[in-house]
Amino acid sequence: MALIVHKYGGTSMGSTERIRNVAKRVAKWARAGHQMVVVPSAMSGETNRLLGLAKELAPPKPGDDHNRELDMLASTGEQASSALLAIALQAEGMQAVSYAGWQVQVKTDSAFTKARIESIDDERVRADLDAGKVVVVTGFQGVDDAGNITTLGRGGSDTSAVAIAAAMKAHECLIYTDVDGVYTTDPRVEPDARRLTTVSFEEMLEMASLGSKVLQIRSVEFAGKYQVPLRVLSSFTPWDIDIQEEARSGTLITFEEDENMEQAVVSGIAFNRDEAKISVLGVPDKPGIAYHILGAIADANIEVDVIIQNLSKDGRTDFSFTVHRNDYAKAVDLLKAKVLPTLGAADIVGDTKICKVSIVGIGMRSHVGVASKMFRVLSEEGINIQMISTSEIKTSVVIDEKYMELAVRALHKAFDLDQPAA
Ligand code: ADP
Ligand code: ASP
Ligand code: MG
């Protein structure tokens, strides 16, 4: 008998019919003798619907902060789906109980809309499990020290599930979703994408941070920190498939590199359309410039991703960086008000129609020429690279958004990701 955590995403919980299927699957696992904790997302579309209502009432304006109330609002999606799942489990003849984050005490900091889990008090859950119940705990939400409801950022139910699995030292955390595992790239963009049977933790971390939303990055970080065995698999298989077969399906995130792992130089391609580029033009090329510009951005709590400073000409240079699109207007306003005048920069220009495409693979550590091959492939497609950023196991480029799919497909083919691993 093992303690297992299942997480079901929004599409998997998308209708009463699907919730019934989830209940039947969970009941199968419980009847096989496992102690089951289940973490559902809100029914698909519900979080967007709720946040959309708030936007109607208060279109976002610089300086406005409704974040506490947004969390109060968005968290209800998971509360509803958790209760529905517990009811469906009971209807299947199981003993089941659902809890909101504050009841279990998923403690977070107070960063509304992007809170981080600090601790989980699992006493109540353990007592229920020991009493033979299936325990359903809301994804996505927690509670801060002051008793406010918080949420963990979009896609945060993955993190709830992994954090609960870590706190309870679960045998495995299974992330059930609408694809049957982690693919070489998003199968919605490249139909020839292949499912990986295993992916290393480091690669998964890069892919998640570079935009593959199949797992929220913090869930991967948690899994790494607490060595939680993590698997991504489909909730759309028939609920009554053989449990052993199900337990081996999907993609396993592995922590050790062993010879069985797929040894491709590039394992996956990630992309994201969430960023915008800002260029500060004609800044004096002297010490302290990067600090002056990015310090102001950091003070406003805006995260910066790719940074590039051009060669100086006549003592002046251009300085470009990317921020999240949601922060774009705020960052431009701030630079215009505070940085342009004091720095004597000529102007600020921005571009919100960019995307970042990245190749990821631990094999890049030991192979040269991978980045240059990427650049060649893009040039053959006539795609202009605006920015480049590299680390040991990834190379990212910023390009015009309209070429994103073309770039992903061309790179996928060029790095043989459509071919079965050797
Ligand atoms: P859930 O609601 O179950 O949390 P998400 O929509 O958050 O599901 O994540 C699953 C989606 O992630 C898939 O439908 C797929 O389009 C997308 N995705 C992006 N990159 C990948 C990838 N490399 N492998 C698999 N799916 C990916
Ligand atoms: N319901 C939340 C969202 O849509 C959390 C999640 O699904 O993981 O982002
Ligand atoms: Mg998700």
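Owing to the predicted nature of the structure, the values given are computational and were not obtained by experimental measurement. Hydrogens, waters and symmetry mates are skipped; everything else that's a heavy atom, side chains included, is used. Indexing begins at 1, ligand by ligand and atom by atom, following the structure's order.
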Asker: Who's the nearest protein heavy-atom neighbour of atom 21 (C) of ligand 1, and how far?
Answerer: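 Going atom by atom, the protein heavy atom closest to atom 21 (C) of ligand 1 ends up being D186 CA, 3.7 Å.
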Asker: Judging by distance only, is a nitrogen or oxygen of T177 under 3.5 angstrom from one on ligand 1?
Answerer: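 There is such a contact, yes.
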Asker: I'd like to know if E246 pairs up with R25 as an ion pair, taking the criterion as any Lys NZ or Arg NE/NH1/NH2 lying under 4.0 Å from an Asp or Glu carboxylate oxygen.
Answerer: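 So E246 pairs with R25 through a salt bridge.
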Asker: Has ligand 1 got any nitrogen or oxygen that is less than 3.5 angstrom from a nitrogen or oxygen of G10?
Answerer: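 There is such a contact, yes.
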Asker: Considering both backbone and side-chain atoms of K7, is one of its nitrogen or oxygen atoms within less than 3.5 Å of a nitrogen or oxygen in ligand 2?
Answerer: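 Looking only at distances, the answer is no, because the N/O contact criterion of under 3.5 Å is not met.
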Asker: Does G9 come within less than 4.0 Å of ligand 2, judged by its heavy atoms?
Answerer: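 Under 4.0 Å: no for G9.
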Asker: Without hydrogens or angle criteria, can the side chains of E275 and T322 be said to hold a donor-acceptor pair below 3.5 Å?
Answerer: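 The answer is yes; a qualifying pair exists.
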Asker: Which ligand 1 atoms are under 4.0 Å away from a heavy-atom of V182?
Answerer: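 Listed by number with element, the hits are 24 (N).
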Asker: Do me a favour and list the nearest non-hydrogen protein atom to atom 25 (C) of ligand 1 with residue, atom name and distance?
Answerer: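 It is G181 O, 3.4 Å.
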Asker: Would R365 and E202 pass as an ion pair if we require N to O under 4.0 Å?
Answerer: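 Counted as a salt bridge, because a side-chain N and a carboxylate O are separated by less than 4.0 Å.
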Asker: Is there a heavy atom in A270 that sits closer than 4.0 Å to ligand 1?
Answerer: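 Contact check A270 vs ligand 1: negative.
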Asker: What are the atoms of ligand 1, with element, lying closer than 4.0 Å to any heavy atom of M207?
Answerer: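 Answer for ligand 1: 23 (N).
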Asker: Look only at interatomic distance and state if T184 has a nitrogen or oxygen under 3.5 Å from any nitrogen or oxygen of ligand 1.
Answerer: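 No, there is no polar N/O contact under 3.5 Å.
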Asker: Please report which non-hydrogen protein atom sits nearest to atom 14 (O) of ligand 1, along with the residue it belongs to and the distance in Å to one decimal place.
Answerer: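 Ranking protein heavy atoms by distance from atom 14 (O) of ligand 1, first comes R188 NH2, 2.4 Å.
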Asker: One pair to check against salt bridge (Lys or Arg N to Asp or Glu O under 4.0 Å): R194 and D418. What are the steps and the verdict?
Answerer: CA-CA 6 Å; R194 271 186 320 108; D418 50 351; over 6 Å; no
Asker: Please could you name the atoms of ligand 2 that R154 approaches to less than 4.0 Å, counting only its heavy atoms?
Answerer: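 It comes down to these atoms of ligand 2: 3 (C), 4 (O), 9 (O).
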Asker: Could you tell me whether E17 and R20 make a salt bridge, using a distance below 4.0 angstrom between a side-chain N and a carboxylate O?
Answerer: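 Yes, this pair counts.
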Asker: Would you check the N or O atoms of S12, main chain and side chain alike, for any that come under 3.5 Å of an N or O of ligand 1?
Answerer: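 No: no nitrogen or oxygen of S12 is under 3.5 Å from one in ligand 1.
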Asker: Please report the interatomic distance NZ(K413) to CG(D192), rounded to the nearest 0.5 Å.
Answerer: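 It is 8.0 Å, given to the nearest 0.5 Å.
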Asker: Which residue and non-hydrogen atom of the protein lie closest to atom 7 (O) of ligand 1, and at what distance in Å?
Answerer: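 I find the closest protein heavy atom is K213 O, 3.5 Å.
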Asker: So is K373 actually on top of F415's ring, under 6.0 Å and inside 45° of the axis?
Answerer: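 Judged by the rule, K373 and F415 form a cation-pi pair.
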Asker: So is G155 in contact with ligand 2, going by heavy-atom distances below 4.0 Å?
Answerer: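 Under 4.0 Å: yes for G155.
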Asker: Out of S212, S396, S389, S209, which one pairs with S358 under the side-chain hydrogen bond (donor to acceptor under 3.5 Å, both in side chains) rule?
Answerer: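 Only one option passes, and that is S396.
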Asker: Judging by distance only, is a nitrogen or oxygen of S41 under 3.5 angstrom from one on ligand 1?
Answerer: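 No, S41 has no N/O under 3.5 Å of an N/O on ligand 1.
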Asker: Kindly determine whether D144 and S110 satisfy side chain to side chain donor-acceptor pair (under 3.5 Å), including the steps that lead there.
Answerer: CA-CA 5 Å; D144 73 1; S110 302; 2.8 Å; yes
Asker: Can you report which non-hydrogen protein atom sits closest to atom 24 (N) of ligand 1, along with the distance?
Answerer: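 For this ligand atom, the closest protein heavy atom is Y183 N, 2.8 Å.
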Asker: As an exercise, identify every atom of ligand 2 less than 4.0 angstrom from a heavy atom of S41.
Answerer: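 Going through ligand 2 atom by atom, the ones under 4.0 Å from S41 are 6 (C), 7 (O), 8 (O).
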Asker: Does an N or O from G10, backbone or side chain, lie closer than 3.5 Å to an N or O of ligand 2?
Answerer: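 No.
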Asker: Is it the side chain, the backbone, both or neither of E46 that has a heavy atom closer than 4.0 Å to ligand 2?
Answerer: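 No part of E46 is near ligand 2 at this cut-off.
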Asker: Using the side-chain hydrogen bond (donor to acceptor under 3.5 Å, both in side chains) rule, pick out the option among T150, D71, N148 that qualifies with T108.
Answerer: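 Among the candidates, only T150 passes.
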Asker: Whether D186 and K213 form a salt bridge (side-chain N of Lys/Arg under 4.0 Å from carboxylate O of Asp/Glu) is what I want to check.
Answerer: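 Result for this pair is no, no salt bridge flagged.
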Asker: Provide, to 0.1 Å, the distance between atom 11 (C) of ligand 1 and the closest protein heavy atom, together with that atom's residue and name.
Answerer: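 Result for atom 11 (C) of ligand 1: D178 OD1, 3.9 Å.
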Asker: Below a 4.0 angstrom heavy-atom separation, can you tell me which part of V214, side chain or backbone, both or neither, approaches ligand 1?
Answerer: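 Answer for V214: both.
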Asker: Where on K7 is there a heavy atom closer than 4.0 Å to ligand 1, on the side chain, on the backbone, on both, or on neither?
Answerer: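 The part of K7 near ligand 1 is the side chain, not the backbone.
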Asker: Looking at E172 and R231, is there a salt bridge between them, counting it only when a charged N and a carboxylate O are closer than 4.0 Å?
Answerer: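 E172 and R231: salt-bridged.
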Asker: Between K402 and D400, does any NZ, NE, NH1 or NH2 come within less than 4.0 Å of an OD or OE carboxylate oxygen?
Answerer: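 Judged by the 4.0 Å cut-off on N to carboxylate O distance, D400 and K402 do form a salt bridge.
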Asker: Decide, yes or no, whether a salt bridge links E46 with R49 under the criterion of side-chain N to carboxylate O below 4.0 Å.
Answerer: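 Yes, charged N to carboxylate O under 4.0 Å.
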